[in-house]
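Please read the structure below before turning to the comments.
Below, chain A is the first sequence line, B the second, and so on; all start at residue 1.
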Number of protein chains: 2
Amino acid sequence: MITDHSRENLVSVLRQRGIGPTHQRMEIAHVLFSRMEHLSADQVLCLVNGRHAETSKATVYNTLKLFVETGLVREVIVDAAKVFYDPNTAPHHHFYDVESGEITDIDAEAVTIVGMPALPPGKVAAGMDVIIRVRPAAPAPGA
Amino acid sequence: MITDHSRENLVSVLRQRGIGPTHQRMEIAHVLFSRMEHLSADQVLCLVNGRHAETSKATVYNTLKLFVETGLVREVIVDAAKVFYDPNTAPHHHFYDVESGEITDIDAEAVTIVGMPALPPGKVAAGMDVIIRVRPAAPAPGA
DNA sequence: GATACGAATTGGACTCTGTCTAATCCCATC
DNA sequence: GATGGGATTAGACAGAGTCCAATTCGTATC
């Protein structure tokens with residue numbers, strides 16, 4: 001997980017993964033790792049272009065895909081409408097507020113899962129997602 | 001969970017939930033509960049129209065939404081591309097093959113989750129999803 | 001059987017996320 | 001300053017899902 005989002009460190013992080021550190025990729029990486037939030041592709045696009053660089057939608061999608069493939073960020077699929085990208089790659093789970101769309105991390109260290117069955121034959125694990133869906137408590141039961 | 005998918009039983013199941021048992025809804029319910037599979041809206045549409053009734057896309061979406069709201073089926077969000085509808089409403093988890101798209105149930109009875117933190121303040125639980133992503137084992141490591 | 005009314009259905013336009021492609025741009029190397 | 005290859009780009013495109021106004025259906029009433 002990238003905590004140092006200085007320009008020099010981002011360059012070396014990208015290089016380590018064989019990713020050429022172009023302007024656009026640096027901007028996208030900076031947006032992701034300076035806020036450690038769950039962002040959609042559209043949010044990344046807006047944030048990147050809100051600064052100064054001009055970056056196209058295609059590049060944002062290309063770059064996010066590249067970051068996912070190289071393990072820099074993780075896809076979070078909790079909502080049918082869009083994918084979120086999570087710069088926290090440490091094992092963890094998520095609360096998802098189905099009304100506000102807010103995503104909150106749950107540290108995986110604290111959680112133990114007992115009795116998970118063996119993988120189906122001929123399959124290897126590619127990841128696990130645990131999502132607790134929540135909603136705001138009803139403000140007034142009589143409403 | 002509905003195991004008896006006779007016409008009479010489906011009518012009464014729908015009525016119990018305040019859903020008028022129209023032809024289209026009966027067809028959709030029958031498609032879901034006769035195969036106990038995870039189906040996308042598109043697959044439901046094709047299966048329903050493959051029989052004899054003519055049912056529109058809008059009705060399939062309306063009806064699936066209605067079934068979800070009344071707890072007849074459960075949404076399964078494992079893939080960014082589309083939602084699956086699961087006629088098994090007993091608590092359970094899923095294996096998801098990210099390459100083939102195949103979804104397999106994991107009985108929740110066997111699995112215990114220890115140490116899950118309290119819900120965020122002001123929130124109530126709306127559901128939990130556990131998804132184990134798998135892929136076919138590499139056939140030849142040297143490839 | 002005819003009428004009326006509310007609910008359900010419908011086609012089709014529309015939105016939105018994400019992909020694709022061919023042209024252009026950038027930049028390191030020679 | 002020419003060359004070549006990867007990166008970027010605009011915009012067309014694809015697919016899932018939504019929306020809406022018009023129609024149809026089922027039922028209750030006369």
Side-chain angles (χ1 to χ4, degrees), chain A residues 10-11 14-15 17-32 38-49 51-70 72-86 98 101 103, chain B residues 7 10-11 14-15 17-31 38-49 51-70 72-86 98 101 103:
Chain A
L10 289 182
V11 168
L14 294 190
R15 284 240 164 81
R17 323 252 166 172
I19 300 173
T22 65
H23 293 160
Q24 288 86 347
R25 289 168 178 170
M26 290 294 291
E27 286 296 326
I28 292 169
H30 187 265
V31 160
L32 285 166
H38 308 82
L39 299 175
S40 66
D42 190 62
Q43 288 174 308
V44 171
L45 180 62
C46 291
L47 288 168
V48 164
N49 284 332
R51 296 167 67 85
H52 50 87
E54 293 291 319
T55 303
S56 72
K57 185 175 63 156
T59 297
V60 169
Y61 278 102
N62 288 343
T63 302
L64 288 172
K65 189 178 174 193
L66 200 54
F67 285 4
V68 168
E69 284 166 2
T70 54
L72 276 177
V73 302
R74 170 175 153 185
E75 280 182 330
V76 179
I77 298 174
V78 290
D79 188 296
K82 61 182 62 164
V83 174
F84 290 92
Y85 294 88
D86 188 349
V98 295
I103 301 176
Chain B
R7 173 161 291 274
L10 289 182
V11 168
L14 294 189
R15 285 241 164 81
R17 323 252 167 171
I19 300 173
T22 65
H23 294 159
Q24 288 85 347
R25 288 168 179 169
M26 290 293 291
E27 287 295 325
I28 292 168
H30 187 265
V31 161
H38 308 83
L39 299 175
S40 67
D42 190 62
Q43 288 175 307
V44 171
L45 180 62
C46 292
L47 288 169
V48 164
N49 284 332
R51 297 169 65 84
H52 51 87
E54 292 292 319
T55 303
S56 72
K57 184 175 64 154
T59 296
V60 168
Y61 278 102
N62 288 343
T63 301
L64 288 172
K65 190 178 174 195
L66 199 56
F67 285 4
V68 169
E69 284 166 2
T70 55
L72 276 177
V73 302
R74 171 175 155 185
E75 280 182 329
V76 179
I77 299 174
V78 290
D79 188 297
K82 61 182 62 166
V83 175
F84 290 92
Y85 294 88
D86 187 348
V98 296
I103 302 176

Base, backbone or nothing for each nucleotide of nucleotides 16-30 of chain C, written B, S, -, heavy atoms under 4.0 angstrom, 5' to 3'? -SBBB------S---

N/O to N/O distances under 3.5 Å, protein versus nucleotides 6-8 of chain C:
from, atom 1, to, atom 2, distance (Å)
C:dA8, OP1, B:Arg25, NH1, 3.4

After noting the C-alpha distance and the side-chain angles of A:Arg17 and A:Leu66, does the key distance pass the side chain to side chain contact (heavy atoms under 4.5 Å, CB included) rule? CA-CA 10 Å; A:Arg17 323 252 166 172; A:Leu66 200 54; over 6 Å; no

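- Axis angle, first five pairs versus last five pairs of the helix from C:dG1-D:dC30 to C:dC30-D:dG1: 0°, rounded to 10°.
- When the side-chain hydrogen bond (donor to acceptor under 3.5 Å, both in side chains) test is applied to A:Ser40, the partners found at least two apart in sequence or on another chain are A:Gln43.
- Considering CD of A:Glu27 and CD of A:Glu54, their distance stands at 11.0 Å, rounded to 0.5 Å.
- Under the side-chain hydrogen bond (donor to acceptor under 3.5 Å, both in side chains) criterion, the residue pairs touching residues 57-69 of chain B are B:Ser56-B:Thr59, with sequence neighbours excluded.
- Straight-line distance from the CD atom of B:Gln43 to the C1' atom of D:dG15: 14 Å, rounded to whole Å.
- A:Arg25 pairs by the salt bridge (Lys or Arg N to Asp or Glu O under 4.0 Å) definition with nothing, not counting sequence neighbours.
- Between the P atom of D:dG26 and the CE atom of B:Met26 lies a distance of 13 Å, rounded to the nearest Å.
- For the pair A:Glu75 and A:Tyr85, the minimum side-chain heavy-atom distance is below 4.5 Å.
- Here D:dT18 presents its P atom at 14 Å from CG of B:Leu45, a figure rounded to the nearest Å.
- Counting only distance, with no hydrogens or angles, the side chain of B:Asp86 and the backbone of B:His38 share no donor-acceptor pair below 3.5 Å.
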Given side chain to side chain contact (heavy atoms under 4.5 Å, CB included), test A:Thr55 with A:Val44 step by step and report yes or no. CA-CA 10 Å; A:Thr55 303; A:Val44 171; over 6 Å; no

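- Here the closest heavy-atom approach between residue A:Val78 and residue B:Ile77 is recorded as O-CD1, 3.8 Å.
- One atom, CD of A:Glu54, and another, C1' of D:dA7, lie 17 Å apart when rounded to the nearest Å.
- For B:Ile28 against B:Val60, the heavy-atom pair with the smallest separation is CD1-CA, 3.9 Å.
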